Every structure is written in structure tokens, then in C-alpha cells.
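The structure appears below as C-alpha cells.
Everything numeric here is computed off the predicted structure, so don't read it as measured data. Computation of the quantities below employed the complete heavy-atom set of this structure, encompassing side-chain atoms and omitting hydrogens, waters and symmetry-equivalent molecules. Chain letters run A, B, ... following the sequence lines, proteins first, then strands; residues in each count from 1.
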Amino acid sequence: AQSVAQPEDQVNVAEGNPLTVKCTYSVSGNPYLFWYVQYPNRGLQFLLKYITGDNLVKGSYGFEAEFNKSQTSFHLKKPSALVSDSALYFCAVRDFSNDMRFGAGTRLTVKP
Amino acid sequence: DARVTQTPRHKVTEMGQEVTMRCQPILGHNTVFWYRQTMMQGLELLAYFRNRAPLDDSGMPKDRFSAEMPDATLATLKIQPSEPRDSAVYFCASGQGGLGGELFFGEGSRLTVL
């Protein structure tokens with residue numbers, strides 16, 4: 001079965017600095033990869049996805065993610081973090097089985 | 001804006017009681033997923049449907065949980081009898097299209113079983 005791993009429970013960055021939230025995946029066949037964000041007491045919101053094509057995908061709120069097949073990674077990035085980016089971030093993977101599996105989540109804290 | 005609607009948003013019940021959570025997927029979406037979120041386990045996939053047919057419910061404790069889609073506008077998740085360990089936030093999500101389609105999540109139903 002497909003799976004994703006988010007190796008960091010917590011990421012802390014200063015406002016204005018670049019941020020990276022890491023994700024690695026395991027899947028049979030072609031991966032369909034997603035990033036979601038969750039704010040307190042809210043549902044998950046879709047940020048971006050990789051299906052095929054360019055390895056660098058751009059999404060909402062200035063986020064982007066880089067797909068690296070050789071490293072089986074799909075790291076989320078943003079050039080300049082905002083305090084309002086502080087939230088819980090989830091990586092997810094889907095394969096031919098159609099179900100979507102999520103990582104454990106990474107809590108991002110951006111300090112002023 | 002189209003959105004996934006879940007009810008109730010909060011539910012407190014006593015052990016042994018039946019709990020039913022409802023979800024209205026976005027109109028036109030053909031897949032519906034149920035997830036459970038806890039601090040310890042994170043997001044667990046409980047069940048999902050495609051075109052109202054259950055595709056996989058292997059993540060669900062079969063003896064007490066059941067999931068159904070009586071029609072295209074309603075998905076239900078039922079727990080009978082409920083136990084304290086069922087306390088969690090339950091999310092419904094819907095999507096359309098194939099594997100590349102993202103899911104749209106509801107705001108969740110927070111269940112507390114005393």
C-alpha cells in the first residue's frame with residue numbers, strides 16, 4: 001500500500017525566511033502527491049498537487065513543491081514565510097487503488 | 001462556494017450510545033472519504049465510496065462502525081455502541097474525477113464519548 005512520511009513533527013522558521021516541510025513517499029506505479037494545510041478547528045484545505053509534468057508545482061498562498069523521483073520526495077517550500085502560514089501541514093499520496101493516505105503532519109510555526 | 005457539509009459539528013455522548021454523523025458532499029463529486037483524526041494516530045482512512053459504492057472500509061472497526069451512502073447527497077458514518085476510544089474528529093471529504101483529483105474536506109465532527 002502507498003504511504004508518505006513526514007520526518008519532522010515541528011518546523012520553526014522566522015518570518016521572511018524560506019521554509020521547507022519535508023515529505024517522502026512510497027508507492028507502486030506513478031505517484032499522485034498532494035499537500036494540504038489545516039488551521040485550528042478546521043478541515044484540511046488543498047494547497048497543491050503533482051500529477052505529471054514539471055517537477056516544480058505551484059499552489060495556493062505562494063507555496064510550491066518539488067517532486068524528486070530519485071529521492072521519492074515531495075517537499076513543500078515557500079520563499080518567504082508569513083506568521084499566518086503557521087498551521088499543520090499534511091502530505092498525501094494516491095495510487096491506482098484510489099484511496100488517499102496522509103502523513104502524520106508537520107506543525108509549522110513562523111515567528112515574527 | 002460549494003463545500004462539504006458535516007453534521008453535527010460537536011457531539012458529546014455516553015459510552016454505549018449510538019452516534020450518527022452525516023456528510024453532504026459537493027454536488028457532482030463521485031467519491032466520498034471518511035477519515036478520523038486523533039493526536040495519537042493522526043489521520044486514519046476509515047472508508048471511501050465511489051459512485052455511492054463502498055470501495056474500501058478496511059480501516060473501520062467492523063463490529064461497531066458502519067458507513068453508507070443512501071443517495072448521492074448523503075453519506076453517513078454510524079458507531080454503535082460508542083466507546084471512549086472513539087473520541088476523535090471525524091472528517092468527510094469528497095472529490096471528483098480520477099486519481100489526480102484533490103479532496104475537499106468538511107469542517108469535521110468532533111465526537112466525545114464519556
Which region of [X], side chain (C-beta onward) or backbone (N, CA, C, O), has a non-hydrogen atom less than 4.5 Å from a non-hydrogen atom of chain B, or is it both or neither?
X	result
A/N30	neither
A/L88	side chain
A/Q45	neither
A/I51	side chain
A/Y50	neither

Taking only Lys NZ, Arg NE, NH1 and NH2, and the carboxylate oxygens of Asp or Glu, determine whether [X] and [Y] approach each other closer than 4.0 Å.
X	Y	value
A/K49	B/E102	yes
A/K111	A/E15	no
B/E107	B/R9	no

Does any backbone or side-chain atom of [X] lie under 4.5 Å from a heavy atom of chain A? Answer side chain, backbone, both or neither.
X	value
B/Q37	side chain
B/Y35	side chain
B/L103	both

Is the distance between the ring centroids of A/F46 and B/F105 less than 6.0 Å?
no

Honestly, is A/K78 close enough over A/F63, meaning NZ or CZ under 6.0 Å from the six-membered ring centre and within 45° of the axis?
yes

I need the minimum non-hydrogen distance between B/R22 and B/L74, along with the two atoms involved.
CB-CD1, 4.0 Å

